[in-house]
Each structure stands twice: as C-alpha cells, then as structure tokens.
**Student:** 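Below is a structure I'd like to ask you about.
Just so it is clear, the values below take in all heavy atoms, side chains as well, and ignore hydrogens, waters and symmetry mates. In what follows, every chain begins at residue 1, and chains take the letters A, B, ... in the order their sequences are listed.
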4 protein chains.
Amino acid sequence: MSRDTSVRPRRERRKEARPAELTAAALDLFVERGFAATRLEDIAARAGVSKGTLYLYFAGKEDLFKAVVREGIVPALTQAETLIAEHRGSASDLLRSLIRGWWQLIGSTPLGGITKLMIAEARNFPEIAQFYYDEVLRRARDVDTWQQLVFSPFIMFAVWRHSLACCDARAGAPEAYIEAALDFVLRGLRSDPGSLSISREPAAAPGRSPEG
Amino acid sequence: MSRDTSVRPRRERRKEARPAELTAAALDLFVERGFAATRLEDIAARAGVSKGTLYLYFAGKEDLFKAVVREGIVPALTQAETLIAEHRGSASDLLRSLIRGWWQLIGSTPLGGITKLMIAEARNFPEIAQFYYDEVLRRARDVDTWQQLVFSPFIMFAVWRHSLACCDARAGAPEAYIEAALDFVLRGLRSDPGSLSISREPAAAPGRSPEG
Amino acid sequence: MSRDTSVRPRRERRKEARPAELTAAALDLFVERGFAATRLEDIAARAGVSKGTLYLYFAGKEDLFKAVVREGIVPALTQAETLIAEHRGSASDLLRSLIRGWWQLIGSTPLGGITKLMIAEARNFPEIAQFYYDEVLRRARDVDTWQQLVFSPFIMFAVWRHSLACCDARAGAPEAYIEAALDFVLRGLRSDPGSLSISREPAAAPGRSPEG
Amino acid sequence: MSRDTSVRPRRERRKEARPAELTAAALDLFVERGFAATRLEDIAARAGVSKGTLYLYFAGKEDLFKAVVREGIVPALTQAETLIAEHRGSASDLLRSLIRGWWQLIGSTPLGGITKLMIAEARNFPEIAQFYYDEVLRRARDVDTWQQLVFSPFIMFAVWRHSLACCDARAGAPEAYIEAALDFVLRGLRSDPGSLSISREPAAAPGRSPEG
DNA sequence: TATGAATGAGTTTTCATTCAT
DNA sequence: GATGAATGAAAACTCATTCAT
C-alpha cells in the first residue's frame with residue numbers, strides 16, 4: 001500500500017532514495033564532463049546533499065562511477081530482453097520495435113549518455129568496460145559484422161546528443177532521424193537475406209527475407 | 001631539399017621538431033585517457049623532454065590540447081578536399097575513395113582518435129568543439145540526414161578502435177569491415193536516388209543514381 | 001544491596017552502566033591505536049551503542065579521553081594507598097607487596113595500558129599529563145633518583161605488553177618476570193641503606209636496611 | 001675535495017639535503033605528537049618547504065614515517081656494534097661504555113625519541129615495529145631476562161624525556177641519573193655471576209665476576 | 001633553450017559533531 | 001534516552017605552472 005510509505009519518517013524515505021539520487025546526479029555530470037573532470041562536490045550539490053553524504057553510500061569516486069554504469073545498463077538490458085522474448089512477428093518488425101523501445105527507454109533519457117561515457121572512459125576503467133562489453137555488446141557482436149552496421153547509426157546518434165550536438169544550432173527532430181535511419185538500415189539489409197539475425201530463432205534463417 | 005635538413009645540427013633539428021613531437025605524444029595520451037586524466041609530465045616523458053620544456057612551445061595544457069586537435073584535423077581536411085576536387089567518376093566511387101582515403105590517412109593512424117577525443121571533450125571545450133564542428137562536420141550535415149547515416153559506421157568504427165576495442169579479444173580485420181560497410185551503405189542509399197550529395201557538384205543532382 | 005540493582009529494569013541498569021562500558025571500550029582502543037587514530041565510531045561499536053549515544057555521556061572525544069585516564073588512575077591510587085597504609089613489615093616486603101598488588105590490579109589488566117597511553121599522549125594533553133604526573137608520579141619522584149630505578153623494570157614491562165610485545169613470538173611468563181625483577185631491584189638497593197623510602201615513614205630512615 | 005661541493009649549484013645541494021631535513025623535522029613532530037596527530041603541512045613548514053615538496057621525496061605520510069624510523073635506528077646500530085666489537089676490557093666496563101655511548105649518540109639527541117615513537121605506534125605499524133624489534137631488541141632479548149632489567153632504566157629515561165618530563169619542573173641532571181643507574185644496575189647483577197653476557201666473548205663466562 | 005625542484009591551489013577523503021526522528 | 005543520517009571543517013594528496021640554474 002502506498003499509505004504505508006507515506007507514513008514512514010521522512011529521513012528514512014530519504015535514505016532509500018539517496019543512492020539513486022546520487023547516481024542520477026553523477027550520471028549527468030560524468031556524461032557531460034567525463035570522470036576526471038567531474039568534482040565530487042558538484043555531484044553532491046546537484047543531488048542536494050553535502051560532500052560527506054556521498055561517502056555514506058559509495059566508497060569513493062570510482063565506486064560511484066561503477067554504480068552509475070551498472071545501474072544505467074542493467075534496466076536497459078532487462079527491457080531489451082523482454083522486448084525480444086515477447087516479440088511475435090517478422091525480424092524487421094523486431095528491429096523496429098527494439099530501436100523504438102531503446103529510444104523511449106534509453107536514447108531519449110539521460111541513460112543515453114552511458115554509451116558516450118563508456119567510449120570516453122573505457123581505457124581508464126578496463127573492468128567496467130569489460131563488464132559493459134560482456135553484458136551489452138558481446139551478444140550483438142557475436143553474430144556477424146552486420147550487427148555493427150545496423151546499430152551504428154543509432155549509437156552514433158546517442159553519442160552525438162551528448163557531445164557535439166551542443167554545436168549544432170538546428171534543433172533536430174530525433175524521432176524523424178530514428179525512423180529515417182530504420183528505413184536506411186533495413187534497405188541496407190534487404191538484399192542480404194539471412195544477415196538479419198538479431199532474434200535467435202529460425203525466423204532469421206538464411207534464405208528467408210527479413211520482411212518475413 | 002631533405003638533404004638540407006639532415007645536415008643541420010641536431011639541436012636545431014630538434015627545436016623545429018619539438019612541437020610536433022609533443023603534440024604527437026599528447027594526442028596518444030589525450031585519446032587514451034582524456035584531457036583531465038592526462039598528466040603533462042607523462043606527455044613530456046613520452047616526447048622525451050622535461051616538463052618545463054613543454055611550456056617553451058605551448059602556453060599550457062589547454063593550449064596544447066587545441067594544438068593537438070587543430071593539427072589533427074587540418075591535414076585531414078586538406079586531404080579530403082583534394083580527393084573530392086580531383087574526383088572524376090560516379091558519386092559512389094567518390095564515396096568509396098573518400099572512405100578508403102580516410103582509412104589510410106586518418107582511421108588507421110593515431111589521428112583516428114581525434115573523433116573519440118572530440119566526443120569525450122566537446123562539452124568541456126566548447127570553442128574547440130565548435131571549431132571541429134564547423135570545419136569537419138558542418139558541411140556534411142548541411143545537406144541532409146543521410147549524411148549521418150552514411151558515415152556513422154565509419155565514425156563508429158574509429159571511435160571503437162580507441163575505446164571499447166580493448167575488450168574485444170577477436171583481432172578483427174579492419175579493412176574487411178570497411179569494405180563491408182561500404183557495400184552496406186551504398187545499398188542503403190540505392191533506392192533513394194539523389195540522396196548522395198557529398199560533392200557539391202551537379203554530379204549529385206536529384207534523379208541521378210549514385211552508381212552513375 | 002546488590003539484589004536491588006538486579007531487580008531494576010534493564011534499561012535503567014544499562015543507563016548507569018553506560019559510561020563505564022564506554023570508557024572501557026575507549027581505554028582498549030586508545031591504548032591500542034592512540035588518541036588521534038581512534039575513531040569515536042569504533043569505540044561506540046565496541047561498547048555496543050551508536051555514535052550519538054556517546055554524546056549523551058561525554059562532551060566529546062577529549063572529554064572521553066580525560067574520563068578514561070581519570071577512571072583508570074584513581075582506583076589504582078586508592079589501592080596503592082591502602083596497601084601502603086596497612087603495611088606492617090619491612091620496606092622490602094612492602095615493595096614486594098606493592099609490585100605484586102600493582103600487577104594484580106593494574107599491570108595484568110587493561111588498566112596497565114594507561115601508562116603507555118600517557119607516554120604517547122602526554123605532550124598532546126598537558127593538563128591530563130600534569131594530572132597523571134601529580135597524582136601518580138610526583139610522590140615517588142619526590143624522594144630521590146632511586147625511585148625511578150626501582151620502578152622502571154615494571155613500568156617498562158607494562159608499556160611493553162601494550163606495544164612491542166606483539167612482535168615477540170615467545171609467550172613469556174609475566175609473573176616470572178615480575179619476581180625476577182623484584183629480586184634484581186632489591187639486590188640493586190641492598191648496599192644502599194636508606195635509599196628505599198617508598199613509605200613516607202621513618203621506617204625508611206638512613207641506616208636502616210630495607211630488609212629491616 | 002670540499003671545493004667541489006662548494007661549487008655545486010645551490011639547488012642541487014639542496015636536493016641532496018632535503019630528505020634528511022625532512023626526516024629530521026618529521027622525527028621531532030612525530031615524537032612530540034604521534035603519527036596521526038602530526039600534520040604533513042607542519043613537517044613541511046618546519047623543514048622550510050611547502051607541502052608539495054614533501055611528496056617529491058616521500059610517497060606519503062607512512063613512507064615518511066618509515067624513513068624516520070629506519071634512519072633513526074640504523075646509525076645507532078652501527079655505533080653500538082662498533083663499540084662492542086672494539087671493546088677490550090671487562091663486561092661491566094663494556095656496559096658502562098655502551099650506555100655512555102648510547103647517551104651521547106642517541107639518548108641526548110632527538111633520536112632518543114624513536115623509542116617513544118615505537119612504543120606509541122607499534123600496533124599501528126606492525127611491519128615497522130617488527131623491523132625495530134628484529135634489528136634493535138631481538139639480540140638483547142636473545143640472551144635472558146636480565147637484559148630487560150639491565151636496560152629498562154635507560155630506556156625508561158629516554159621515553160620519559162619525550163613524554164612526561166614536560167610535567168616535571170625540576171630540570172634534572174641527565175648525566176647524574178645515567179651514572180647512578182649504571183651503579184644500580186651493576187650492583188643488581190653482581191651476585192649473579194654469569195648473567196651479564198652482553199659481549200659474546202668468554203670474558204662473560206659463568207663464574208667470572210662482571211668486574212673482571 | 002632546457003631542466004626539474006619547488007610551489008600552492010584544488011580535489012578527494014575522513015571523521016568529530018549535530019540533530020531530526 | 002537512543003539512533004544514525006547528515007554535515008563541513010580539516011587533512012592527505014595531486015599536478016599544472018613557475019623559475020632559478
């Protein structure tokens with residue numbers, strides 16, 4: 001019951017929310033400035049707490065960074081897996097659903113910045129990069145080169161939004177881009193039946209057109 | 001002419017080469033670790049000079065960073081412009097030439113890291129990002145959405161090589177990827193005559209197939 | 001009388017015992033790590049209370065420290081004075097009784113660490129050091145140089161047990177050491193009649209052998 | 001040639017002297033306040049340098065501490081060994097020489113504080129304590145209990161000077177104490193022929209009086 | 001020019017102390 | 001009374017920058 005929560009003392013409610021508030025603040029700043037250039041004090045200020053409070057929840061800057069990446073990735077993975085598992089329909093429909101779902105849950109939210117973050121910090125944090133690689137990228141790359149081609153316009157777009165987009169005066173219509181990119185990618189795949197094998201079902205078997 | 005240089009006293013030769021040696025060392029480290037996490041002392045050490053020497057050629061860390069980006073971009077631009085200007089043939093041939101040239105001169109060299117660097121530092125260095133955007137990206141984006149789609153596999157690939165590639169055990173054959181990506185992209189463009197307008201000549205006018 | 005206490009509600013009993021539980025925990029940790037290196041949180045944890053509770057009984061870290069020293073010293077002094085006052089017999093018997101009593105009540109208990117604590121912190125807490133000096137050391141030193149000589153083996157031993165003893169693999173038999181030291185010291189005093197004047201009575205007058 | 005040194009640039013001369021200047025300053029403050037309560041900035045100030053300079057010579061506070069102990073102990077050991085090796089005469093003469101030499105080189109100098117430092121910090125720095133124990137104390141303790149008894153008046157005295165002595169208004173005449181203690185100790189040993197075995201020569205064999 | 005010792009401002013981190021619950 | 005989340009002053013440590021040599 002929600003009444004239960006509303007009765008809880010404010011302090012306690014805060015204590016539970018704090019880690020998420022802190023990682024949210026940290027995500028924004030890490031994505032914007034990078035790990036080294038972000039001051040812990042700024043993260044704390046953005047989360048509305050003092051410097052010391054941060055250390056009640058995280059062992060240090062690096063630990064906070066890891067939490068940011070982990071928390072940013074895991075929910076996204078769950079979503080994607082649900083989407084794929086529940087999908088009934090053609091492979092190209094699946095791709096469309098996946099990308100659109102990604103845009104809603106990740107691409108258009110602060111989580112979209114994680115990719116930029118990983119790109120920028122991968123070599124400074126090999127373990128985290130490995131984790132990201134294993135959990136997020138490996139499966140896609142397991143299949144074949146085409147996966148990279150298929151996804152790069154979308155990844156590129158997410159990274160762009162968190163870096164050089166600030167130099168681009170034109171507002172841009174993200175959704176329009178996404179749709180155009182989908183068309184483009186599906187056209188690129190069309191004459192290569194069997195190359196679209198995101199779903200691991202026979203649906204994507206050689207000889208079968210991705211359009212189903 | 002080159003004999004002239006070889007006869008010069010070593011000191012003098014060194015003096016002229018210094019800035020380039022320093023920016024080369026800085027490029028490597030900035031790309032690997034990012035701006036904030038790179039220590040000037042490490043750059044100096046890699047260039048084989050002392051920390052103080054750096055200040056004889058650059059006003060400070062930020063100045064060095066700007067020099068790295070500028071020196072990394074300008075020659076690439078010159079090359080690309082030459083390639084485009086001298087091109088005689090179909091638009092899709094031009095694209096192939098451009099990408100292959102880019103791979104040779106930029107993608108496969110340390111300069112390929114500049115893109116990652118700009119992605120990571122754009123928001124910390126708005127002026128440099130603007131410079132990069134104006135000189136490198138604007139023209140391509142001036143035309144239409146398709147440009148992004150066309151280039152993202154290649155940009156993505158370059159960025160990849162300087163970040164998460166370290167987690168990828170498989171060696172990978174860069175050239176094979178480039179060629180596959182070219183085919184993919186050209187196929188994506190095929191049914192949209194007129195959308196390929198990289199060269200600013202009538203060659204890319206609507207109604208004309210990229211294949212010529 | 002003691003039944004009275006055992007009937008009291010647990011809370012209340014706790015309340016009265018708290019200060020002693022806290023100083024006991026503090027004594028252990030101050031002796032082990034020194035004042036500055038001991039965290040209030042660790043003391044609280046060892047006493048089984050929260051950090052805040054400490055402030056209900058002591059004004060702060062320094063106040064707690066003073067209480068530890070005071071509580072550690074006063075009972076010992078009372079004991080020693082009782083022993084001396086009640087003593088009937090030779091001066092050397094008194095010394096034996098004193099040292100053996102000290103070992104039972106102080107040397108072999110956590111209170112033995114107080115000496116080490118005072119040695120380590122005297123210059124950081126001049127007032128407490130002065131208090132310790134006035135109450136514990138002055139009288140002994142009032143007489144003459146011999147006092148120091150007589151007591152140093154025992155003081156040394158107590159200090160040792162709380163510092164470098166941890167490096168000594170050999171278990172050691174404390175009581176044997178104490179007895180050997182007593183013999184040694186009494187022998188050192190023997191040819192110097194009158195030098196043993198711990199008790200402030202004429203018993204220790206010149207010309208009288210400590211053996212009586 | 002001393003002229004050689006005098007010609008050296010001031011900077012360089014300084015660089016060589018710095019570590020010793022810093023450990024000297026650190027010794028004073030560590031002995032006075034203990035490790036945890038001593039601020040690195042105070043050490044630097046006492047040595048006449050800035051905080052950062054300290055880190056050019058020592059990896060951190062703990063490293064500096066180790067250097068202080070090591071540098072304080074090693075020369076003392078060398079001296080003691082030379083004294084023992086060169087000694088010709090009775091065992092009790094050797095003891096007198098040793099103690100007097102110790103007083104001159106250690107006891108009366110800042111190095112005398114090392115013992116207090118080790119007593120206070122042994123449990124916080126087990127490795128250093130072990131080093132101190134192995135190098136300084138083991139040999140003496142290897143023989144028998146008597147060693148502790150023999151040396152405790154002197155050790156105690158050194159410790160005293162660096163802790164509670166500040167509470168003692170009376171100036172005190174150190175040398176007089178040392179001499180009195182020597183007499184006392186030798187008397188304590190006298191009736192136990194053979195127990196004085198500091199020198200490892202037959203001179204100290206059982207049955208032979210320490211007086212030779 | 002070139003060096004590298006020295007600096008000190010800036011950042012992370014710790015922990016005694018407070019106070020709302 | 002008791003708690004423990006929150007605070008912020010203080011201390012360790014880093015590193016861009018300066019400057020005497």
**Student:** Check the angle between the aromatic planes of F30(B) and F35(B) and answer parallel, tilted or perpendicular using the 30° and 60° thresholds.
**Tutor:** tilted
**Student:** For the pair made of CD in E62(C) and P in dC15(E), what is the distance, rounded to whole Å?
**Tutor:** 18 Å
**Student:** Starting at CZ of R33(D) and ending at P of dA10(F), how long is that distance when rounded to a whole Å?
**Tutor:** 15 Å
**Student:** Could you pick out which residue, G52(C) or G52(B), lies toward the 5' side of DNA chain F when each is mapped onto its nearest nucleotide?
**Tutor:** G52(C)
**Student:** Using a 4.0 Å heavy-atom cut-off, does L56(C) contact any base of the nucleic acid, only the sugar-phosphate backbone, or nothing at all?
**Tutor:** base
**Student:** Report yes if a side-chain nitrogen or oxygen of R18(C) is closer than 4.0 Å to either non-bridging phosphate oxygen (OP1 or OP2) of dG1(F); otherwise report no.
**Tutor:** no
**Student:** With the side chain counted from C-beta on, respond yes when L54(C) and V49(C) share a heavy-atom pair under 4.5 Å apart, and no when they do not.
**Tutor:** no
**Student:** Side chains of R46(A) and L29(A): closer than 4.5 Å at any heavy-atom pair?
**Tutor:** yes
**Student:** Could you state the atom-to-atom distance from CG of L22(D) to P of dA12(F) in whole Å?
**Tutor:** 14 Å
**Student:** In terms of the nearest nucleotide of DNA chain E, which residue is placed more toward the 5' end: G48(D) or L40(A)?
**Tutor:** G48(D)
**Student:** Check whether any side-chain N or O of K61(D) sits under 3.5 Å from a backbone N or O of T38(D) as a donor-acceptor pair, and report yes or no.
**Tutor:** yes
**Student:** Rounded off to whole Å, could you give me the CG-to-P distance for the L29(D) and dA12(F) pair?
**Tutor:** 12 Å
**Student:** Taking the side chain from K51(D) and the backbone from E41(D), do they hold a donor-acceptor pair closer than 3.5 Å?
**Tutor:** no
**Student:** Report yes if a side-chain nitrogen or oxygen of S50(A) is closer than 4.0 Å to either non-bridging phosphate oxygen (OP1 or OP2) of dT7(F); otherwise report no.
**Tutor:** yes
**Student:** So, under a plain 3.5 Å distance rule, would you say the side chain of K51(A) forms a donor-acceptor pair with the base of dG10(E)?
**Tutor:** no
**Student:** May I ask which nucleotide in the shown strands pairs with dC13(F), Watson-Crick or G-U wobble, both distances under 3.5 Å?
**Tutor:** dG10(E)
**Student:** Watson-Crick or G-U wobble partner for dA20(F), using a 3.5 Å limit on both distances?
**Tutor:** dT3(E)
**Student:** For dA16(F), does OP1 or OP2 lie under 4.0 Å from any side-chain N or O of K61(B)?
**Tutor:** yes
**Student:** If I take atom CG in residue D63(B) and atom C1' in nucleotide dT17(F), what distance separates them, rounded to the nearest angstrom?
**Tutor:** 14 Å
**Student:** Find the distance L54(B):CG to dT3(E):P and express it as a whole number of Å.
**Tutor:** 11 Å
**Student:** How long is the line joining CD of E41(D) and P of dT7(E), in whole Å?
**Tutor:** 12 Å
**Student:** Indicate, with a heavy-atom threshold strictly under 4.0 Å, whether F58(A) touches base, sugar-phosphate, or nothing.
**Tutor:** nothing
**Student:** Just N and O in the side chain of Y55(A): are any of them under 4.0 Å from OP1 or OP2 of dT14(E)?
**Tutor:** no
**Student:** To the nearest 0.5 Å, what is the distance between OH (Y132(A)) and OG1 (T115(A))?
**Tutor:** 3.5 Å
**Student:** Identify, between V49(A) and R39(B), the residue whose nearest nucleotide on DNA chain F lies closer to the 5' end.
**Tutor:** V49(A)
**Student:** Can you work out whether G60(C) or T53(D) has the more 5'-proximal nearest nucleotide on DNA chain E?
**Tutor:** T53(D)
**Student:** Can you check the L64(C) CG to dA16(E) C1' distance for me, whole Å?
**Tutor:** 12 Å
